[in-house]
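Please read the structure below before turning to the comments.
Whatever order the structure lists them in is the order used to number ligands and atoms, beginning at 1. Residue indices begin at 1 and follow the sequence shown. In this text, all values refer to a predicted model and were calculated from it rather than measured experimentally.
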Amino acid sequence: MFDMMEATRLEKLHLAYDPATGLRAVIAIHSTRLGPALGGCRYLPYPNDEAALRDAARLAQGMSYKAALAGLRQGGGKAVILRAPHVDNRGALFEAFGRFIESLGGAYVTAVDSGTSSADMDCIAQHTEHVTSTTRGGDPSPHTALGVFAGIRASAQARLGSDDLEDLRIAVQGLGHVGFALCEHLHAAGAELLVSDLDPGKVQLAVEQFGAQPIANEALLTTPCDILAPCGLGGVLSSPVVAQLRCAVVAGAANNQLAHPDVADELEARGILYAPDYVINSGGLIYVALQHQGQELPAITAHLAQIGNRLTEVFAHAQADHRSPARVADMLAERILYGHGG
Ligand code: NAD
């Protein structure tokens with residue numbers, strides 16, 4: 001366990017077990033150097049305890065990098081609640097988790113993640129104020145979409161010489177909370193949309209509302225386009241997929257798009273500009289962090305707009321150093337977190 005903490009440079013690992021509700025939870029605090037550790041709470045089944053610990057640690061590290069590059073006074077953390085096949089009282093489970101968070105005195109602030117909802121956050125909020133994305137807070141997805149839109153414009157400027165998206169062919173994989181809202185912005189900017197989703201109803205809606213061209217799920221990633229925006233699941237950019245891409249830019253919302261870190265170099269070798277996922281999709285984090293800090297919407301929107309500038313900075317470094325934007329983003333985040341990097 002300590003080897004894993006050393007490898008991920010994790011500050012603290014907290015565990016809680018509550019016999020009354022069956023709560024088994026992990027809170028991984030990667031860094032509080034820039035501020036309290038903020039990151040979502042997953043509620044998923046895990047094959048064993050070690051898998052849960054590893055997931056929490058890895059994701060907490062990612063949150064530190066994301067918050068650092070988003071210019072937030074916020075550290076990185078992540079929580080995992082191990083999901084049992086049956087739970088008697090979900091509300092009581094999340095209330096117990098709220099008491100666990102409260103016992104850490106504000107070092108960790110939680111949020112919605114895979115398997116949790118705003119209603120769960122409301123249960124947590126009964127016992128601690130160190131919680132975001134409650135039903136009162138609102139859905140961060142539209143803010144994520146706005147940030148991705150700003151990032152796509154910055155990417156177009158860097159690779160295609162203009163941030164004007166009119167008549168550009170943009171392929172969007174996944175029309176969920178973020179992908180659909182992104183399509184609204186892209187359509188308003190005059191882009192030609194190519195879309196796919198596992199749910200044919202969402203595709204039909206995009207065809208009707210945006211005049212989008214439906215593409216088969218298995219063909220979307222390799223369809224000829226100017227910009228590919230993965231907005232579904234992570235891990236879509238594997239080596240075989242990268243070898244078949246027919247786009248100039250990859251810039252989308254999905255987390256952990258690279259199946260492994262070397263894929264960033266393969267994209268670079270093929271001359272495809274990659275907008276690092278945790279930089280371009282940081283709008284949701286910016287929204288929940290600043291809302292939790294009590295900032296008003298205009299200030300939050302102004303901060304969101306900086307995502308484009310941040311990407312422009314990453315691209316410029318990458319070009320000057322002949323490195324992939326993904327590696328440059330990590331280097332810049334480490335410089336902010338540890339005072340060195342590269
Ligand atoms: P969501 O669950 O609302 O939507 C995902 C959509 O992708 C679904 O409609 C699903 O059917 C579709 N999909 C999944 N696999 C697909 C495939 N192979 N081909 C086509 N469609 C596919 O999720 P979301 O909130 O819109 O998030 C989308 C991505 O962005 C996720 O990777 C998420 O982690 C990431 N992200 C979301 C936010 C946010 O604020 N919601 C913030 C940061 C990152």
Side-chain angles (χ1 to χ4, degrees), residues 38-44 55 58-59 62-63 65-67 69-70 72 74 76 78 110-118 121 132-134 137-152 170-186 193-207 212-223 225 228-238 240-241 250-259 275-292 300 304 307 311:
L38 172 62
C41 167
R42 290 195 159 184
Y43 181 41
L44 300 173
D55 204 28
R58 181 180 60 85
L59 294 165
M63 291 307 296
Y65 281 47
K66 190 168 183 165
L69 268 196
L72 295 170
Q74 211 78 64
K78 208 82 176 184
T110 200
V112 163
D113 206 305
S114 306
T116 55
S117 66
S118 293
M121 298 300 121
T132 66
S133 37
T134 55
D139 180 9
S141 307
H143 306 278
T144 304
L146 197 59
V148 174
F149 178 63
I152 286 179
I170 304 185
V172 180
Q173 184 192 48
L175 299 171
H177 291 96
V178 180
F180 202 87
L182 174 64
C183 284
E184 279 179 347
H185 295 299
L186 296 173
L193 292 175
L194 312 156
V195 299
S196 80
D197 196 285
L198 302 179
D199 177 350
K202 292 179 181 172
V203 173
Q204 186 54 32
L205 216 53
V207 170
Q213 183 184 334
I215 304 284
N217 285 325
E218 57 284 2
L220 190 281
L221 292 173
T222 54
T223 210
C225 60
L228 171 66
C231 297
L233 293 184
V236 289
L237 299 174
S238 62
V241 166
V250 176
N255 274 318
N256 307 317
Q257 289 169 37
L258 305 178
D277 46 18
Y278 68 85
V279 183
I280 193 170
N281 75 12
S282 59
L285 174 68
I286 291 170
Y287 174 72
V288 295
L290 297 187
Q291 193 190 49
H292 190 64
I300 297 176
L304 277 175
I307 290 175
L311 275 173

Thr116 side chain vs Cys41 backbone, donor-acceptor pair below 3.5 Å
yes
Can you pull out the closest protein heavy atom to atom 3 (O) of ligand 1? Residue, atom name and distance to 0.1 Å, please.
His177 ND1, 2.7 Å
Hey, is ligand 1 close enough to Asn281 that some N/O pair sits below 3.5 Å?
no
N/O to N/O below 3.5 Å, does that happen between Val178 and ligand 1?
yes
Protein contact for atom 21 (N) of ligand 1 (heavy atom, distance under 4.0 Å)
yes
Out of Asp197, Ile215, Asp277, who gets a non-hydrogen atom closest to atom 12 (C) of ligand 1?
Asp197
For atom 4 (O) of ligand 1, the closest protein heavy atom turns out to be Gly176 CA, 3.1 Å
Flag, side chain of Thr144 to backbone of Val178, donor-acceptor distance under 3.5 Å
no
Under 4.0 Å to a heavy atom of Asn255 - the qualifying atoms of ligand 1, by number
32 (O), 33 (C), 34 (O), 35 (C), 36 (N), 44 (C)
Identify the protein heavy atom lying closest to atom 40 (O) of ligand 1, giving its residue, its atom name and the separation to 0.1 Å.
Thr144 OG1, 2.7 Å
Protein heavy-atom contact under 4.0 Å for atom 7 (O) of ligand 1?
yes
Would you call the rings of Tyr278 and Tyr65 parallel, tilted or perpendicular, where under 30° means parallel and over 60° means perpendicular?
perpendicular
Contacting atoms of ligand 1, where contact means under 4.0 angstrom from a heavy atom of Lys202:
8 (C), 9 (O)
If you round to the nearest 0.5 Å, how far is CG of Leu186 from CD1 of Ile170?
4.5 Å
Hey, is the main chain of Leu220 close enough, under 3.5 Å, to the side chain of Gln173 for a donor-acceptor pair?
no
So, does Ser114 use its side chain to make a donor-acceptor pair with the main chain of Tyr43 at under 3.5 Å?
no
Can you see which heavy atom on Leu228 is nearest to which on Pro230, and at what distance?
O-CD, 3.4 Å
Which atoms of ligand 1 have any heavy atom of Gln173 under 4.0 Å away?
17 (C), 18 (N), 19 (N), 20 (C)
Which heavy-atom pair separates Ala275 from Ala251 by the least distance, and what is that distance?
CB-CB, 3.8 Å
Looking only at protein heavy atoms, what sits closest to atom 16 (C) of ligand 1 is Leu198 CG, 3.7 Å
Indicate yes or no: does an N/O atom of Ser141 lie under 3.5 Å from an N/O atom of ligand 1?
yes
heavy-atom search around atom 28 (C) of ligand 1 in the protein gives Cys231 O, 3.2 Å
Pull out every atom of ligand 1 sitting under 4.0 Å from any heavy atom of Ala253, numbered as shown with elements.
30 (O), 35 (C), 36 (N), 44 (C)
Flag, side chain of Asp277 to backbone of Asn256, donor-acceptor distance under 3.5 Å
yes
Looking at Arg42, is its backbone amide N or carbonyl O close enough to the side chain of Asp113 to form a donor-acceptor pair, meaning the two atoms are under 3.5 Å apart?
no
Would you name the heavy atoms of Leu38 and Gln74 that are closest together and state the gap between them?
CB-CG, 3.5 Å
Record the part of Ser282 in heavy-atom contact with ligand 1 below 4.0 Å; permitted values are side chain, backbone, both and neither.
neither
Please check: side-chain N/O of Asp197 versus main-chain N/O of Leu175, any donor-acceptor pairing under 3.5 Å?
yes
Looking only at distance, does Asp199 have an N or O less than 3.5 Å from an N or O of ligand 1?
no
Closer than 4.0 Å to some heavy atom of Gly174 - which atoms of ligand 1 meet that?
7 (O), 12 (C), 21 (N)
Do any nitrogen or oxygen atoms of Gly232 come within less than 3.5 Å of a nitrogen or oxygen of ligand 1?
yes
